[in-house]
Enquirer: 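The structure is given below, and queries will be raised subsequently.
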Amino acid sequence: MDWKKEFYRADEKPLDRLVESYSYTSVFRTMAFVGDSLSSGEFQILGSDGKNRYYDMFEYSWGQYIARANGLTAYNFSRGGMTAHEYIDTFANERGYWDRDKAAQAYVIALGVNDIYNQHGEIGTLDDVHPEDYTKNAKNFIGYYAQIVSRYKEISPDAKFFFVTFPNETRRGENEDGKKVIELLYGLCDLFENCYVIDLYKYGPVYDEEFGENLWMFGHLNPMGYIVTARLIDSYIDYIVRHNPKDFETIGFVTKDIEYKF
């Protein structure tokens, strides 16, 4: 057999090949999913009083689907309505998410919808980010987002980070704020080591009316929608690992009290 066919084709793009069963995401034994409602398996329903109800059901989150498919441990460091600002100011401290006993080999970060679209916060620029001292970061979206990365690098220095972009939602039209955020996430990969972008806007499906009719339930995903998202994220990480195998050869030592040198 040609072993190279197992890993990559030169012309392959992310999501050209959706994974079946376990994938190369399995190189990770622990992954933390940092995000908002869509990272939390949140279901939105309409009550008999006509008011919306929201329920975080982590077992339906795409992170837990990825974990079950790949036999790894997933931490839901997320909650409905979460912003990067709240995550830094209160949430992570209150939940003990900076504790070293919760360190993971990989962090998948999917934040920004509430910061940008719901709270209309300042996005910022890469000049607002100071990897050498996160206390100097600006108090805006990208400043808080980058601080999350820095804080987790303190407890897991060699962990891998995956930044999930907004998808291409037709209901948002030509959204310049969303595109600016995507550009900044790519920029963070130049400022920090071991970081990769999961670009669902460019390579993922279009979230159009038909997508919504089948995979959304009111303003959030339905059970099938979370499975579809899990397959997309899992397949994208699989693609990144296969195309950069040298980046992941020592992942088994991350979070372990083992000294190694290559």
Side-chain angles (χ1 to χ4, degrees), residues 1-36 38-41 58-76 78 104-113 159-169 178 182 185-186 188-189 194-208 210-212 214-216 220-249 251-252:
M1 65 167 289
D2 183 353
W3 68 269
K4 289 180 290 185
K5 291 182 179 179
E6 167 69 12
F7 275 81
Y8 60 84
R9 300 191 317 267
D11 61 344
E12 183 185 7
K13 295 182 176 60
L15 303 182
D16 276 356
R17 184 170 85 181
L18 293 186
V19 297
E20 300 287 347
S21 185
Y22 64 88
S23 70
Y24 281 94
T25 305
S26 297
V27 301
F28 302 105
R29 297 292 80 206
T30 54
M31 300 186 79
F33 295 89
V34 177
D36 49 35
L38 295 181
S39 298
S40 304
F58 293 136
E59 66 268 32
Y60 282 96
S61 68
W62 46 265
Q64 293 298 336
Y65 278 116
I66 290 172
R68 289 191 291 268
N70 290 286
L72 59 86
T73 298
Y75 306 128
N76 283 104
S78 61
Q105 293 177 318
Y107 294 85
V108 183
I109 305 179
L111 285 168
V113 170
K160 307 299 182 180
F161 289 79
F162 300 95
F163 307 145
V164 183
T165 73
F166 302 142
N168 184 3
E169 294 188 58
I182 292 171
L185 296 184
Y186 277 101
L188 289 183
C189 292
N194 295 319
C195 295
Y196 309 85
V197 174
I198 296 177
D199 195 338
L200 296 183
Y201 186 92
K202 184 175 182 180
Y203 296 108
V206 175
Y207 287 24
D208 55 15
E210 184 177 8
F211 181 98
N214 288 278
L215 299 175
W216 287 86
H220 291 81
L221 293 168
N222 64 26
M224 291 66 68
Y226 284 113
I227 293 175
V228 168
T229 304
R231 292 194 68 198
L232 294 174
I233 302 294
D234 192 357
S235 300
Y236 211 122
I237 294 174
D238 171 89
Y239 169 88
I240 291 171
V241 173
R242 287 187 292 105
H243 282 255
N244 303 277
K246 297 296 289 184
D247 289 2
F248 298 92
E249 63 183 357
I251 195 63

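None of these values were measured; they are calculated from a predicted model.
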Enquirer: How long is the span from the CD1 atom in I251 to the OG atom in S26, to the nearest 0.5 Å?
Expert: 12.5 Å
Enquirer: Checking Y226 against Y65 for the side-chain contact (heavy atoms from CB on, under 4.5 Å) test, could you report, in this order, the C-alpha distance in whole Å, the side-chain angles of both residues, the deciding distance, and whether it holds?
Expert: CA-CA 8 Å; Y226 284 113; Y65 278 116; 4.1 Å; yes
Enquirer: Could you tell me how the ring of F161 sits relative to the ring of Y107: parallel (under 30°), tilted (30 to 60°) or perpendicular (over 60°)?
Expert: parallel
Enquirer: To the closest 0.5 Å, what do you measure between CE (M224) and CG (L215)?
Expert: 7.0 Å
Enquirer: Report yes if the side chains of I109 and S39 come closer than 4.5 Å at any heavy-atom pair, otherwise no.
Expert: no
Enquirer: Restricting to side-chain hydrogen bond (donor to acceptor under 3.5 Å, both in side chains), what partner residues turn up for N222, sequence neighbours left out?
Expert: none
Enquirer: Evaluate the side-chain contact (heavy atoms from CB on, under 4.5 Å) criterion for residues I198 and T165: first the C-alpha distance (whole Å), next the side-chain angles of each, then the deciding distance (0.1 Å), finally the verdict.
Expert: CA-CA 6 Å; I198 296 177; T165 73; over 6 Å; no
Enquirer: For the pair F166 and Y201, evaluate ring pair (Phe, Tyr, Trp, His ring centres under 6.0 Å) and give the outcome as yes or no after the intermediate values.
Expert: CA-CA 6 Å; F166 302 142; Y201 186 92; 9.1 Å; no
Enquirer: Any side-chain heavy atom of I233 within less than 4.5 Å of one from V164?
Expert: yes
Enquirer: Please confirm whether the backbone N or O of D234 pairs with a side-chain atom of D238, one donor and one acceptor, at under 3.5 Å?
Expert: no
Enquirer: Any donor and acceptor pair, going by atom type alone, linking the side chain of N76 with main-chain N or O of S78 inside 3.5 Å?
Expert: no
Enquirer: Give the C-alpha distance, both sets of side-chain angles, the deciding distance and a yes or no for side-chain contact (heavy atoms from CB on, under 4.5 Å) between T25 and F162.
Expert: CA-CA 12 Å; T25 305; F162 300 95; over 6 Å; no
Enquirer: Within the structure provided, determine whether V113 and D36 are in side-chain contact (heavy-atom separation under 4.5 Å).
Expert: yes
Enquirer: I want to check something: taking the side chain as every heavy atom from C-beta on, are V34 and L111 in contact at a cut-off of under 4.5 Å?
Expert: yes
Enquirer: Please examine the side chains of I227 and T229, heavy atoms only from C-beta on, and report whether any two atoms are closer than 4.5 Å.
Expert: no
Enquirer: Any sub-3.5 Å donor-acceptor pair from D199's side-chain atoms to K202's backbone N or O?
Expert: yes
Enquirer: Between Y239 and Y236, what is the ring plane arrangement, given parallel below 30°, perpendicular above 60°, and tilted in between?
Expert: perpendicular
Enquirer: Taking the six-membered ring of Y203, is the NZ or CZ of K13 close enough (under 6.0 Å from the centre) and on axis enough (within 45°)?
Expert: no
Enquirer: Among I237, V108, N70, find the residue that satisfies the side chain to side chain contact (heavy atoms under 4.5 Å, CB included) test when tested with F28.
Expert: I237
Enquirer: Tell me the closest heavy-atom pair linking A74 and F33, and the distance in Å.
Expert: CB-CE1, 3.6 Å
Enquirer: More than 12 heavy atoms of other residues, nucleotides or ligands under 6.0 Å from CD of E59: is that the case?
Expert: yes
Enquirer: What is the distance from atom SG of C189 to atom OH of Y196, rounded to the nearest 0.5 Å?
Expert: 9.0 Å
Enquirer: Are L38 and L221 close enough that some pair of their side-chain heavy atoms sits under 4.5 Å apart?
Expert: yes
Enquirer: Once side-chain hydrogen bond (donor to acceptor under 3.5 Å, both in side chains) is applied, do any residues pair with Y24, and if so which ones, sequence neighbours excluded?
Expert: E6
Enquirer: S23 side chain to V19 main-chain N or O, any donor-acceptor pair under 3.5 Å?
Expert: no
Enquirer: Within the supplied structure, the quantity of interest is the number of heavy atoms (other residues, nucleotides, ligands) at a distance under 6.0 Å from Y60 OH; does it exceed 12?
Expert: no
Enquirer: Is the backbone N or O of G71 less than 3.5 Å from a side-chain atom of R29, with the two atoms forming a donor-acceptor pair by type?
Expert: yes
Enquirer: Just by modelled atom types, is the Q105 backbone N or O under 3.5 Å from a matching donor or acceptor in the T30 side chain?
Expert: yes
Enquirer: Would you say that Y186 contacts F163 through its side chain, given a criterion of any heavy-atom pair below 4.5 Å between the two side chains?
Expert: no
Enquirer: Taking OH in Y22 as the centre, count heavy atoms belonging to other residues, nucleotides or ligands within less than 6.0 Å. Is the count above 12?
Expert: no
Enquirer: Hey, is the main chain of V206 close enough, under 3.5 Å, to the side chain of E169 for a donor-acceptor pair?
Expert: no
Enquirer: So, do M31 and L72 sit near enough that their side-chain heavy atoms are less than 4.5 Å apart?
Expert: yes
